[in-house]
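To start, the structure itself, in structure tokens.
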Amino acid sequence: MMTAPAQAEEASFEATLARHDRIEPRDWMPERYRATLVRQIAQHAHSEIIGMQPEGAWITRAPSLRRKAILLAKVQDEAGHGLYLYSACETLGVSRQELTEKLIEGKQKYSSIFNYPTLSYADVGTIGWLVDGAAICNQVPLCRTSYGPYGRAMIRVCKEESFHQRQGFELLATMMRGTDAQRAMVQESVDRFWWPALMMFGPPDADSSHTAQSMAWGIKRDTNDELRQKFVDMTVPQARALGVTLPDPDLVWNDEKGGHDFTQPDWAEFRDVVSGSGPCNAQRVAHRRRAHEDGAWVREAASAFARRQQQEPQQQEAVS
Ligand SMILES: CC(C)(COP(=O)(O)OP(=O)(O)OC[C@H]1O[C@@H](n2cnc3c(N)ncnc32)[C@H](O)[C@@H]1OP(=O)(O)O)[C@@H](O)C(=O)NCCC(=O)NCCSC(=O)Cc1ccccc1
């Protein structure tokens, strides 16, 4: 039996959701709401951090100084997105340290897309165009998510992602104006990334364990299938403008539904990748673990410095 104060708290939580208002860190929230947010925001933060690897691998091999500067800035933005998201998650009572440990122990997920390799420089453009394009489709509605710190983090993230998407499109458009070999490189890259990009939205609604509850709580604003459809409809005219073919012969406009019909990705492959058997899962997590371990001395030095500053404020002032 719920006590009267507990009932009042729950009623206030429900009323906030009904007004499409925000739940803030100090507000009462059901434990399952909190746990769902920690799961989703942590997965999102880990995706940004692991997502630095496939593109980061090309920084030293960028074809020009201009492309190198652009790629460096993009990868750096992704680190920033990871940090905002870890901060949003910390408002729910878990530390970044805890979340990082869960990631490197394989106890928390990150997006399936980053378990595929980047085999050519065109992949940098395709990731910008398709992967950031899918991320925008998914994240713009999350600016209206019911948890305040998550929604506010999404606003800046989306602005940067939309810039990333345009740089990817511009890179591919430049290659498409180049040689036959460059055009073939773009097409081959799009052929590889199309299906994994469709998987980014998660399993079909009928197999999605969390969608119904997350929609009821206003954490998610659209279902996985709705967002996938939006992504396909948005991408088809862009592919036409680029002059690339999306690798789905059954991709056609359907007047009746006002959207495209398209082939579903291979959901068995998705399950394999999510459960750890994708082409790069082991490599991605090992790399993140190594970076975390190699950075231990920096964390220790920063903590020692902060402790010393607290202990000797006057001395510090005198030095500065
Ligand atoms: C839509 C979904 C991803 C999944 O819906 P939900 O309601 O949460 O789950 P649902 O019941 O439908 O699924 C059942 C199970 O399957 C899991 N699973 C599902 N899909 C995936 C997947 N694709 N990969 C791996 N796992 C997936 C799901 O966790 C659950 O497992 P669990 O029960 O926990 O064991 C949602 O969490 C969301 O919107 N997240 C925020 C956005 C976000 O995280 N974006 C990341 C990309 S950011 C980016 O790309 C930026 C960038 C660009 C370029 C370069 C670098 C960076």
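One-based numbering, in listed order, for ligands and for the atoms of each.
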Contact (N/O only, under 3.5 Å) between D132 and ligand 1: no

Should Q139 be listed as contacting ligand 1, given a heavy-atom distance under 4.0 Å as the test? yes

With no hydrogens and no angle check, do the side chains of H287 and R284 hold a donor and an acceptor under 3.5 Å apart? no

Q43 N/O to ligand 1 N/O under 3.5 Å: yes

Closer than 4.0 angstrom, basic N to acidic O: yes or no for K74 and E55? yes

I need the atoms of ligand 1 closer than 4.0 Å to a non-hydrogen atom of F201, numbered in the order shown. 1 (C)

Could you find the nearest protein heavy atom to atom 9 (O) of ligand 1 and give me its residue, atom name and distance? H210 CD2, 3.6 Å

Angle class for the H81/Y84 ring planes (parallel below 30°, perpendicular above 60°, tilted otherwise)? tilted

Could you verify whether a donor N or O on one side chain and an acceptor N or O on the other, from S189 and T126, lie under 3.5 Å apart? yes

Decide, yes or no, whether a salt bridge links K102 with E105 under the criterion of side-chain N to carboxylate O below 4.0 Å. no

Check whether any protein heavy atom sits under 4.0 Å from atom 2 (C) of ligand 1. no

Evaluate E55 for polar contact with ligand 1, using N/O atom pairs at a separation under 3.5 Å. no

Electrostatic pair R26:E24 at N-O distance under 4.0 angstrom: no

Between Y86 and S95, does any side-chain donor sit less than 3.5 Å from a side-chain acceptor? no

Answer yes or no: does an N/O atom from S209 fall short of 3.5 Å to an N/O atom of ligand 1? yes

Mind checking side chain to side chain contact (heavy atoms under 4.5 Å, CB included) for V236 and listing every partner two or more places apart, or none if nothing turns up? V232, R240, L246, L251, H260

How far is atom 51 (C) of ligand 1 from the closest protein heavy atom, and which atom is that? E161 OE2, 3.3 Å

Look at atom 36 (C) of ligand 1 and find which of Q40, E48, K74 reaches it with the closest heavy atom. Q40

For atom 7 (O) of ligand 1, closest protein heavy-atom neighbour: K220 NZ, 2.7 Å

Are E170 and R166 close enough for a salt bridge, meaning some N to O gap below 4.0 Å? no

Looking only at protein heavy atoms, what sits closest to atom 20 (N) of ligand 1 is G202 CA, 3.2 Å

Within-shell test, H164 vs ligand 1, heavy atom, strictly < 4.0 Å: no

Pick one of side chain, backbone, both or neither for how R221 approaches ligand 1, counting any non-hydrogen atom pair under 4.0 Å. neither

Identify the closest protein heavy atom to atom 55 (C) of ligand 1: which residue and atom is it, and at what distance? E78 OE2, 3.2 Å

Is there a donor-acceptor contact under 3.5 Å linking the side chains of H210 and Q40? no

Proximity of F114 to ligand 1 by residue part, where a heavy atom lies under 4.0 Å: side chain

Nearest non-hydrogen contact with atom 49 (C) of ligand 1 belongs to which option: S112, P203, A135, S275? A135

Under 3.5 Å, which donor-acceptor pairs do the side chains of residues 5-18 form with other protein atoms, sequence neighbours left out?
{"residue": "T16", "atom": "OG1", "partner": "S12", "partner atom": "O", "Å": "2.8"}

